[in-house]
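As the structure lists them, so they are numbered: ligands from 1, and atoms in each ligand from 1.
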Amino acid sequence: MNVLLGISGGIAAYKTPELVRRLRERGAEVQIVMTSSAEEFVTETALQAVSGRPIRSNLWDKEAEAAMSHIELARWADVLLIAPATAEIMARLASGAASDLLTTICLATRAPIAIAPAMNHVMWANPAVQKNRETLAERGIHILGPDSGSQACGETGEGRMLDPDEIAAIVSGLQVDAGATALLACKTVLITAGPTREPIDPVRFITNRSSGKMGYAIAAAAQQQGAQVVLISGPVAITAPRGVIVHEVQTAQEMYDTTHVHIRNADIFIATAAVADYRPVAVAAHKIKKNEQSMSIELVRTPDILTSVAALESGPFTVGFAAETENLREYALGKLRRKNLDMIVANLVGAGCGFDRDDNAVEVFWQGGEQAFATDSKVELARRIVKLVAERCAIT
Ligand code: PMT
């Protein structure tokens, strides 16, 4: 894969030599194009050494243009990645500017474009930046991250560039010419999967039998349809497909918090997780001793992640799952209405079905429609469910 890596001028540019190495480890040829401000943060010498190619930065460099013009560079790229992407380059891309080599190539390429924003969290939250993010996403540009955490400015929040390894994994997974066939090209799909664990004391917790297989299969199917997939996973023993961004959580509250960090970038939310409905009111600091013949644990409701996402103003297309042991249709339709969902996937759970198996059978309901899928592997069912979600999402 030929990756044209555009580097714009933010402090996260110091991570780009590592990003180039991660991309090359995955077999990519990397051609770097820097903006003039990127040169303030990382040297051409370092980047040339790791990429093995001369660095391009100037649209008016006659010698370099004669060797490979900006149009040839635009054609050469299988994927165009900008990392870090500053607020400034996002604004220039959104406005369609062709004011330097990088922005000119962006206009001239047919390759998928991905950007990894990186900036101070207040800048990232600024409505102008968010508007540009929306514009770029609507045009089909893949927005990778940003992550949240401590920032170079000393503050904490959303705006850190994704880890180079994560970016390299996503870029490797981008389907070339995805737009031709993929139903979810340019969409970001956020998925919850697996169980949660609600601690009782340092050694015990309340959980359930979810293995994560259904949610991980949905993640793989969404990725196969060209989506950028973010998976928020409870503790499971399976590995996510390469290119899917995984955030591991333990408790319902952590799953809720992580969902709300990433929901703003999501076009579709699919809640496959078996989230604990209750957690202990208090977590004992030390292992509880068995001094009494009986004991009781007071429980309190956990936040309902699915309902909170469905209630968001201009939120994503929201799909819930319903795990029932009886009255599947009636209970699922009740959840569809009460939680104000776009769609619900209902499955029977219990002895010999649903949890921790490789197969499943589901009934899918939405306002004014339904479809049943007979027993099949979770992988195959996930493909059909994702196709249906993509079709319904395109209509509504
Ligand atoms: O993981 P596997 O072993 O492959 O099993 C798959 C599965 C049976 C777990 C899966 O197919 C499934 O049914 N997932 C939903 C399980 C569940 O918790 O269902 P529910 O009917 O209790 O919840 C309804 C919906 O609300 C679900 O989308 C759930 O993710 C969501 N929810 C529930 C509680 C809560 N606090 N927050 C939520 O978001």
I need the atoms of ligand 1 closer than 4.0 Å to a non-hydrogen atom of [X], numbered in the order shown.
X: A273; answer: 15 (C), 16 (C), 17 (C), 18 (O), 29 (C), 30 (O)
X: G212; answer: 1 (O), 2 (P), 3 (O)
X: P303; answer: 35 (C), 36 (N), 37 (N)
X: A322; answer: 21 (O)

Taking distance alone, with no angle check, do [X] and ligand 1 share an N/O pair under 3.5 Å?
X: M214; answer: yes
X: L306; answer: yes
X: G320; answer: no
X: D356; answer: yes
X: G215; answer: no

* To do: Let me see the working for Y278 and T302 under side-chain contact (heavy atoms from CB on, under 4.5 Å), right down to the final yes or no.
  => CA-CA 5 Å; Y278 292 88; T302 55; 5.6 Å; no
* Measure D277 to ligand 1 on non-hydrogen atoms and call it side chain, backbone, both or neither using the 4.0 Å cut-off. =>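 For D277, only side-chain atoms sit under 4.0 Å from ligand 1.
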* To do: Measure A252 to ligand 1 on non-hydrogen atoms and call it side chain, backbone, both or neither using the 4.0 Å cut-off.
  =>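 Contact part for A252 vs ligand 1: neither.
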